[in-house]
K.L.:
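The structure follows.
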Amino acid sequence: MLDPRLFRTRIDEVARQLGRRSFVLDTAAFQDLDGRRKEIQVRTQSLQNERNTRSKAIGQAKLAGEDIQPLLDQIEKLGHELKDAESQLSLLQTSIDDWILGIPNLLDDTVPEGKNEADNVEISRFGDPRVFDFEPKDHVDLGTRLHEMDFEAAAKLASARFVTLQGELAGLQRALIQFMLDTHIREHGYTEVYAPLLVNSQSMRGTGQLPKFEADLFAVKNDPPLYLIPTAEVPVTNLVRDEIVADDRMPLRFVAHTPCFRSEAGSYGKDVRGMIRQHQFEKVELVQIVRPEDSPAAHEELTGHAEAILRKLELPYRKVLLCAGDTGFSSAKTYDLEVWLPGQQKYREISSCSNFRDFQARRMSARWRNPETGKPELVHTLNGSGLAAGRTLIAVMENFQDRDGRIQIPKVLRPYVNGREVIG
RNA sequence: GGAGAGGUGGCUGAGCGGUUGAAAGCGGCGGUCUUGAAAACCGUUGAGGGUUUGUAGCCCUCCCAGGGUUCGAAUCCCUGCCUCUCCGCCA
């Protein structure tokens, strides 16, 4: 969430900034709510003050052995008046909080203008899409030929948009995950985290999935409700919720492999073929908790860590800076990494690396103690996929296929598959 | 699942219903001492918010969360959540 003070002091500037996302800020609604809040808060507090002073006086009178009945009579109707004011105030405060929780983050100055995906700006490319001397198959055909990828079976077990993998393909995905984790832990200095896959609504609120995007989540019958995580970002970032991190522990760098669950209610009809868009997929996620002044550099660095995986796997990709309209709700700035998929003849997102600045930190009350001021201050949070394992699997399959539909194992991966060089 | 105990500031830990936002210790910060450091000693030290030009002053809220009793609740009552101990069960 944004700093509530911004809405009181510079709401027009905020509205203009959010306009870049084509988000329309209802400034009149806020000013109306906040005006009433101000009035009622002042009244409530002065009533509380009166209650406190009078109660104190009663205490002293009693101690002095005086008759307190006249004092009690004076205070009689204060109680109702106060209770009334307090409940009005709390109602208003809740509306204001809800309103603010629905406002997206401010964008970084370097984020380009634009409405959608088409306006994203390519920053760099690595590798050249391979030139095939045959017609490359997509991962669905490759997997089906191997009898190791089955969408019908998964639909029988669960529903559409699930997959089953078997044998060497299942092993290849596991190898990819292990390789990614090892690289981030050994070479990039991350600490591995194992965390709950079901989280409560406070955690979902902390990272920004709730209250606005409940439709994208799977919930589990429980009281209070629990939600299946759509990304490891949620449990891992929320490790610092309601915490004050000591300066000497900063920055925190976490890596976690988890399955991810997404309902994606809005995406039906998109990517219906194959493993691109599933309700359940495996992902290795990078999370950093940093000092505010360090977050821009940490963002570049973290994106580089995700890129390192693609480079080692020798997968052609490009790095894209998302435009204003395509940048996610909680993010101030996002780079997407897009891998080349020969089956689609397209670059497709395989990682999304974002700097959230203090947006999530404020929702979570995640702070550090600034040694210069001695005060707790909001941290900055970042995360990125390093990488989406399901999509990495299909990228490897499609980019490393041969004429017969067999799949070469990228060199760095061979130690993770007992030295095998090819499957199929 | 059964039986107990408990949740208080960065941490440990006191707290008869009435100047207790909270003793004490540790830690932190500032200082004295010292060539420097340590030790010792002195001082200081919670968070969020309102009002305001104000990092001034004044005021409000916060002792797990939510309700309740009361003129007044960290202290009493109810509900929930969490932690610990013992027994049982279990991958």
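Basis for what follows: all heavy atoms, side chains included, without hydrogens, waters or symmetry-related copies.
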K.L.:
Side chains of Ile407(A) and Leu146(A): closer than 4.5 Å at any heavy-atom pair?
P.N.:
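Yes, close enough: below the 4.5 Å cut-off.
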K.L.:
State, with a plain yes or no, whether a side-chain heavy atom of Pro410(A) is found less than 4.5 Å away from one of Val396(A).
P.N.:
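They are in side-chain contact.
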K.L.:
Categorize Pro376(A) for me: base, sugar-phosphate, or nothing, with a 4.0 angstrom heavy-atom threshold over every strand shown.
P.N.:
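Sugar-phosphate: the residue Pro376(A), judged by heavy atoms under 4.0 Å, touches backbone atoms but no base.
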K.L.:
Could you list the donor-acceptor pairs under 3.5 angstrom formed between side-chain atoms of residues 81-88 of chain A and any protein atom two or more places apart in sequence or on another chain?
P.N.:
unit_1   : atom_1 : unit_2   : atom_2 : d
Glu86(A) : OE2    : Gln48(A) : NE2    : 2.9
Ser87(A) : OG     : Asp84(A) : O      : 3.1

K.L.:
For Arg5(A), enumerate each residue passing the salt bridge (Lys or Arg N to Asp or Glu O under 4.0 Å) test, keeping only those at least two apart in sequence or located in another chain.
P.N.:
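Here the qualifying residues are Asp3(A).
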K.L.:
Across all strands, who's sitting opposite rG72(B) as a Watson-Crick or G-U wobble pair, both distances under 3.5 Å?
P.N.:
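rG72(B) is unpaired by these criteria.
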K.L.:
Say you pick atom C1' in rA65(B) and the same atom in rA74(B); how far apart are they, in whole Å?
P.N.:
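Each nucleotide's C1' atom is 15 Å from the other's.
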K.L.:
Sequence neighbours left out, what pairs pass salt bridge (charged side-chain N to carboxylate O under 4.0 Å, His left out) with at least one residue falling in residues 43-58 of chain A?
P.N.:
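Sorted pair list: Glu50(A)-Arg54(A).
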K.L.:
How many Å lie between NZ on Lys375(A) and C1' on rG49(B), as a whole number?
P.N.:
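To the nearest whole Å, that distance equals 14 Å.
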K.L.:
Suppose we define a pair by two distances each less than 3.5 Å, Watson-Crick or G-U wobble; what does rU51(B) pair with here?
P.N.:
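Checking every strand shown, rU51(B) finds its partner in rG57(B), with both distances under 3.5 Å.
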K.L.:
Which residue is it: Glu301(A), Glu300(A), Glu307(A)? I am looking for the one with a side chain to side chain contact (heavy atoms under 4.5 Å, CB included) to Thr303(A).
P.N.:
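Of Glu301(A), Glu300(A), Glu307(A), side chain to side chain contact (heavy atoms under 4.5 Å, CB included) with Thr303(A) is met by Glu307(A) alone.
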K.L.:
If the P atom of rG6(B) is compared with that of rC76(B), how far apart are they to the nearest Å?
P.N.:
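Nearest-Å result for rG6(B) against rC76(B) at atom P: 11 Å.
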K.L.:
Please determine if a side-chain N or O atom of Arg367(A) lies less than 4.0 Å away from the OP1 or OP2 oxygen of rG48(B).
P.N.:
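For rG48(B), OP1/OP2 do have a side-chain N/O of Arg367(A) under 4.0 Å.
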K.L.:
Under a 3.5 Å limit for both distances, which nucleotide forms a Watson-Crick or G-U wobble pair with rA65(B), could you say?
P.N.:
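Partner of rA65(B): rU79(B).
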K.L.:
Return the set of residues passing ring pair (Phe, Tyr, Trp, His ring centres under 6.0 Å) with Phe162(A) (not counting sequence neighbours), or none when no residue passes.
P.N.:
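With neighbours one apart ignored, the set is His279(A).
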K.L.:
Please measure how far the P atom in rA5(B) lies from the corresponding atom in rG9(B), and state the result in whole Å.
P.N.:
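These two P atoms come out 23 Å apart once rounded.
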K.L.:
Using atom CD of Gln202(A) as one end and atom P of rC64(B) as the other, report the distance to the nearest whole Å.
P.N.:
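From Gln202(A) CD to rC64(B) P: 17 Å.
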K.L.:
What is the base-pairing partner of rA91(B), counting Watson-Crick and G-U wobble geometry with both distances under 3.5 Å?
P.N.:
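Its partner is none (no Watson-Crick or G-U wobble pair with both distances under 3.5 Å).
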K.L.:
Does any residue of residues 25-41 of chain A have a heavy atom under 4.0 Å from RNA chain B, and if so, which ones, in number order?
P.N.:
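Under 4.0 Å from RNA chain B: Arg37(A), Lys38(A), Gln41(A).
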K.L.:
Scan for ring-ring contact (aromatic ring centres under 6.0 Å, His included) pairs involving residues 15-42 of chain A, sequence neighbours excluded, and state none if there are none.
P.N.:
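Checked against ring-ring contact (aromatic ring centres under 6.0 Å, His included) - neighbours excluded - the pairs reaching residues 15-42 of chain A are Phe7(A)-Phe30(A), Phe30(A)-Trp99(A).
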K.L.:
For rU19(B), which nucleotide is its Watson-Crick or G-U wobble mate, given both distances must be under 3.5 Å?
P.N.:
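Looking at the geometry, rU19(B) pairs with no nucleotide.
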K.L.:
Can you tell me the pairing partner of rA3(B) across any strand shown, Watson-Crick or G-U wobble, with both distances under 3.5 angstrom?
P.N.:
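Here rA3(B) is engaged in a pair, and the nucleotide opposite it is rU85(B).
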K.L.:
Quick one: does any side-chain atom of Glu148(A) pair with a main-chain N or O of Gly167(A) as donor and acceptor, under 3.5 Å?
P.N.:
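Not confirmed, Glu148(A) side chain does not pair with Gly167(A) backbone.
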K.L.:
Start at the 5' end of RNA chain B and walk down; is the nucleotide closest to Arg369(A) or to Lys83(A) reached first?
P.N.:
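First, find each residue's nearest nucleotide; the 5'-ward one identifies Arg369(A).
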K.L.:
Rounded to the Å, how far apart are Leu47(A) CG and rC71(B) P?
P.N.:
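Computing the Leu47(A):CG to rC71(B):P distance gives 17 Å.
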K.L.:
Expressed in angstrom and rounded to an integer, what is the separation of Trp368(A) atom CH2 from rG28(B) atom P?
P.N.:
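Distance check: Trp368(A) CH2 to rG28(B) P gives 18 Å.
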K.L.:
Do Leu393(A) and Glu282(A) make a side-chain contact, defined as non-hydrogen atoms from C-beta onward lying under 4.5 Å apart?
P.N.:
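No - every pair of side-chain heavy atoms lies 4.5 Å or more apart.
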K.L.:
Any ring-ring contact (aromatic ring centres under 6.0 Å, His included) involving residues 371-393 of chain A? Give me the pairs, sequence neighbours left out, ordered by first then second residue.
P.N.:
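Non-adjacent pairs meeting ring-ring contact (aromatic ring centres under 6.0 Å, His included): zero.
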K.L.:
Provide the distance between the two C1' atoms, one in rG21(B) and one in rG2(B), to the nearest whole Å.
P.N.:
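So the two C1' atoms sit 41 Å from each other.
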K.L.:
Without decimals, in angstroms, what is the distance between Asp242(A) CG and rG46(B) P?
P.N.:
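Whole-Å distance recorded here is 20 Å.
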K.L.:
Distance check, C1' atoms only: rC29(B) and rU69(B), in whole angstrom units.
P.N.:
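rC29(B) and rU69(B) have their C1' atoms separated by 44 Å.
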K.L.:
From CD of Glu81(A) over to P of rC71(B), roughly how many Å is that when rounded to an integer?
P.N.:
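These atoms are roughly 16 Å apart.
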K.L.:
Mind jotting down which residue pairs meet the salt bridge (charged side-chain N to carboxylate O under 4.0 Å, His left out) criterion with at least one end in residues 414-424 of chain A? Sequence neighbours excluded, please.
P.N.:
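Output for this query lists Glu168(A)-Arg420(A).
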K.L.:
Can you tell me the base-pairing partner of rG27(B)? Count Watson-Crick or G-U wobble geometry only, both distances below 3.5 Å, and say none if there is no partner.
P.N.:
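Its partner is rU45(B).
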K.L.:
Using both distances under 3.5 Å as the test, list the Watson-Crick or G-U wobble partner of rA40(B), or none.
P.N.:
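Pairing partner: rU32(B).
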K.L.:
Who are the side chain to side chain contact (heavy atoms under 4.5 Å, CB included) partners of Phe179(A), not counting sequence neighbours?
P.N.:
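With neighbours one apart ignored, the set is Thr183(A), Ile309(A), Lys312(A), Leu313(A), Val412(A), Leu413(A), Tyr416(A).
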K.L.:
If we take the C1' atom in both rA14(B) and rG7(B), what is their distance in whole Å?
P.N.:
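Here rA14(B) and rG7(B) have their C1' atoms 15 Å from each other.
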K.L.:
Shorter than 3.5 Å, N or O on both sides, protein versus nucleotides 15-20 of chain B: list them out with atom names.
P.N.:
unit_1  : atom_1 : unit_2   : atom_2 : d
rG18(B) : O6     : Lys62(A) : NZ     : 3.0
rG18(B) : N2     : Ser55(A) : O      : 2.8

K.L.:
Give Ile75(A) one of three labels, base, sugar-phosphate or nothing, depending on what nucleic acid heavy atoms sit under 4.0 Å from its own.
P.N.:
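Sugar-phosphate only.
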K.L.:
Tabulate protein N/O versus nucleotide N/O from nucleotides 56-61 of chain B, keeping only pairs under 3.5 Å, one per line.
P.N.:
unit_1  : atom_1 : unit_2   : atom_2 : d
rC59(B) : O3'    : Asn49(A) : ND2    : 2.9
rC60(B) : OP1    : Asn49(A) : ND2    : 2.8
rC60(B) : OP1    : Asn52(A) : ND2    : 3.3
rC60(B) : O3'    : Gln48(A) : OE1    : 3.0
rC60(B) : O2'    : Gln48(A) : OE1    : 2.6
rU61(B) : OP1    : Arg51(A) : NH2    : 2.8
rU61(B) : OP2    : Asn52(A) : ND2    : 3.4

K.L.:
Using the P atom as the point on both nucleotides, what is the distance between rG18(B) and rA56(B), in whole Å?
P.N.:
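Rounded to whole Å, the distance is 33 Å.
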K.L.:
Check side-chain hydrogen bond (donor to acceptor under 3.5 Å, both in side chains) between His184(A) and all other residues, then give those that pass, not counting sequence neighbours.
P.N.:
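If we apply the side-chain hydrogen bond (donor to acceptor under 3.5 Å, both in side chains) test to His184(A), skipping adjacent residues, the hits are His188(A).
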K.L.:
Given atom CG of Asp248(A) and atom P of rG10(B), what is their separation to the nearest angstrom?
P.N.:
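The answer, rounded to whole Å, is 17 Å.
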K.L.:
Grab the CD-C1' distance between Glu377(A) and rU55(B) for me, whole Å please.
P.N.:
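Answer to the nearest Å: 13 Å.
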K.L.:
If you measure from the C1' atom in rU83(B) to the same atom in rA73(B), how many Å do you get, rounded?
P.N.:
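Pairwise C1' distance, rU83(B) against rA73(B), rounds to 24 Å.
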